[in-house]
Chemist: 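Here it is, the structure in full.
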There are 2 protein chains.
Amino acid sequence: MRVRTPSELGALIRDYRMRHNLDQKSLAASVGVSRQWIVEIEQGKAGAPLGLVLRTLGALGIVLDAQQETPPSPKVKNKSHGVDAYVDINTIVAGARKKRK
Amino acid sequence: MRVRTPSELGALIRDYRMRHNLDQKSLAASVGVSRQWIVEIEQGKAGAPLGLVLRTLGALGIVLDAQQETPPSPKVKNKSHGVDAYVDINTIVAGARKKRK
DNA sequence: TTACAATGTCGTCGAACGCTGACATTTTAG
DNA sequence: CTAAAATGTCAGCGTTCGACGACATTGTAA
């Protein structure tokens, strides 16, 4: 499942929690948060700390994979001029210089 | 790339930001946060709010996909007794009853 | 029915957060 | 080399968060 918003992640967590036949109290205990926090996460709380979110996913056996979003269908292919959306000549030039440690 | 910890996500964001040849100030502006916040996110801040994190990923063209973690290689197959890690008899019984709206 | 479990909501409080502004350090441009 | 840009860090301040306890609602079990 693709995760773009806090609400989507909340639905994901709730779905997986129920698949494992866990109640909010048990999940909260294994994650190390309050039950109220589980309620709010499942409702899509945007302010939830990243660390707790990842621990919750881990407790449910969920892993996240990051990918490059598919480009918005390039209408024009490479020509002698024009700027590619993901590769810039300046990037090449800059990359030729000493890299930051 | 697999994302399991705030530090991994920070490295991911930094990597993508540099691929797009953006400085912290520009990224911060497009996400709608302060430059200091970008600094902290790239350093793996665990307390960063989920909503801002997702907006940052969106600004960089990164999408997240959630998957079920591969089971830890089941040593024993289904027998007449014993508990499967992902399917519990109680789940079946409970599921046979009326579902919560 | 009654009793219990699970869920959702509401205060309160201490802790952590993000922002602004400034400054030091590091890296790049000239 | 020097100057500018980019990055990392700090202190102060107002806001927001998570934990806790209590309570209402809903669904299940007896």
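Being a predicted model, the structure only gives us computed values, none of them experimental. Sequence lines set the chain letters: A, B, ... in the order given, protein chains first and strands last, and positions in each chain run from 1.
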Chemist: Scan the side chains in residues 39-51 of chain B for donor-acceptor partners under 3.5 Å anywhere in the protein, sequence neighbours excluded, and list what turns up.
Modeler:
residue, atom, partner, partner atom, Å
B:Glu42, OE1, B:Arg14, NH1, 2.9
B:Glu42, OE1, B:Arg17, NH2, 3.2
B:Glu42, OE2, B:Arg17, NE, 2.6
B:Glu42, OE2, B:Arg17, NH2, 3.3

Chemist: What is the separation between atom CD on A:Glu42 and atom C1' on C:dT9, rounded to the nearest whole Å?
Modeler: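 To the nearest whole Å, that distance equals 15 Å.
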Chemist: Given atom CG of B:Asn21 and atom C1' of D:dA5, what is their separation to the nearest angstrom?
Modeler: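 Whole-Å distance recorded here is 13 Å.
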Chemist: Please report the distance, rounded to the nearest Å, between NZ in A:Lys25 and P in D:dA19.
Modeler: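 Nearest whole value for this atom pair: 15 Å.
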Chemist: Answer yes or no: is there a side-chain heavy-atom contact under 4.5 Å between A:Leu60 and A:Leu12?
Modeler: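 A:Leu60 does not reach A:Leu12 side chain to side chain.
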Chemist: In whole angstroms, how far is the C1' atom of D:dA6 from the CG atom of B:Leu27?
Modeler: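 Value for this atom pair: 14 Å.
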Chemist: State, to the nearest 10°, the angle formed by the axis through the first five base pairs of the helix from C:dT1-D:dA30 to C:dG30-D:dC1 and the axis through its last five.
Modeler: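 The angle separating the two end axes equals 50°.
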Chemist: Could you tell me how far apart A:Ile38 (CD1) and C:dA5 (P) are, to the nearest whole angstrom?
Modeler: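 These atoms are roughly 20 Å apart.
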Chemist: Can you name the side chain to side chain donor-acceptor pair (under 3.5 Å) partners of B:Thr5, sequence neighbours left out?
Modeler: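 Residues passing side chain to side chain donor-acceptor pair (under 3.5 Å) with B:Thr5: none at all.
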Chemist: Just how far, in rounded Å, is P of C:dA6 from NE2 of A:His20?
Modeler: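 Interatomic distance, NE2 of A:His20 to P of C:dA6: 18 Å.
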Chemist: Can you give the donor-acceptor pairs under 3.5 Å from side chains of residues 25-32 of chain B to other protein atoms, not counting sequence neighbours?
Modeler:
residue, atom, partner, partner atom, Å
B:Ser26, OG, B:Asp23, OD1, 2.8
B:Ser30, OG, B:Leu27, O, 2.9

Chemist: Under the salt bridge (Lys or Arg N to Asp or Glu O under 4.0 Å) rule, what pairs show up with a residue in residues 3-13 of chain A, not counting sequence neighbours?
Modeler: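 Checked against salt bridge (Lys or Arg N to Asp or Glu O under 4.0 Å) - neighbours excluded - the pairs reaching residues 3-13 of chain A are A:Arg4-A:Glu69.
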Chemist: D:dC17 P sits how many Å from B:Leu50 CG, rounded?
Modeler: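 It works out to 12 Å between those atoms.
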Chemist: I want to check something: taking the side chain as every heavy atom from C-beta on, are A:Leu54 and A:Leu64 in contact at a cut-off of under 4.5 Å?
Modeler: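 Sidechains of A:Leu64 and A:Leu54: in contact.
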Chemist: Give the B/S/- string for nucleotides 10-23 of chain C, one per nucleotide from 5' to 3', where a protein heavy atom under 4.0 Å of the base yields B, of only the sugar-phosphate yields S, and otherwise -.
Modeler: -------SSSBBB-
Chemist: Write out all pairs satisfying salt bridge (Lys or Arg N to Asp or Glu O under 4.0 Å) with one or both partners inside residues 46-63 of chain A, taking only residues at least two apart or from two chains.
Modeler: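 Every candidate salt bridge (Lys or Arg N to Asp or Glu O under 4.0 Å) pair involving residues 46-63 of chain A fails, so no pair, neighbours aside, qualifies.
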Chemist: So does B:Gln24 get a side-chain nitrogen or oxygen closer than 4.0 Å to the phosphate oxygens (OP1/OP2) of D:dG8?
Modeler: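 Result: yes.
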Chemist: Quick one: is A:Arg17 getting a side-chain N or O under 4.0 Å of the C:dA6 phosphate, OP1 or OP2?
Modeler: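 Answer no for this pair, as no side-chain N or O of A:Arg17 is under 4.0 Å from OP1 or OP2.
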Chemist: Looking only at side-chain N and O atoms, does B:Arg14 come under 4.0 Å of OP1 or OP2 in D:dG8?
Modeler: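 Yes, such a contact exists.
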Chemist: Flag the pair A:Leu57 / A:Ile13 as yes when at least one side-chain heavy-atom distance between them is below 4.5 Å, and no otherwise.
Modeler: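 The answer is yes; the side chains approach within 4.5 Å.
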Chemist: Which pairs with one or both residues in residues 56-68 of chain A pass salt bridge (Lys or Arg N to Asp or Glu O under 4.0 Å), sequence neighbours excluded?
Modeler: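 Residue pairs with at least one partner in residues 56-68 of chain A: A:Asp65-B:Arg2.
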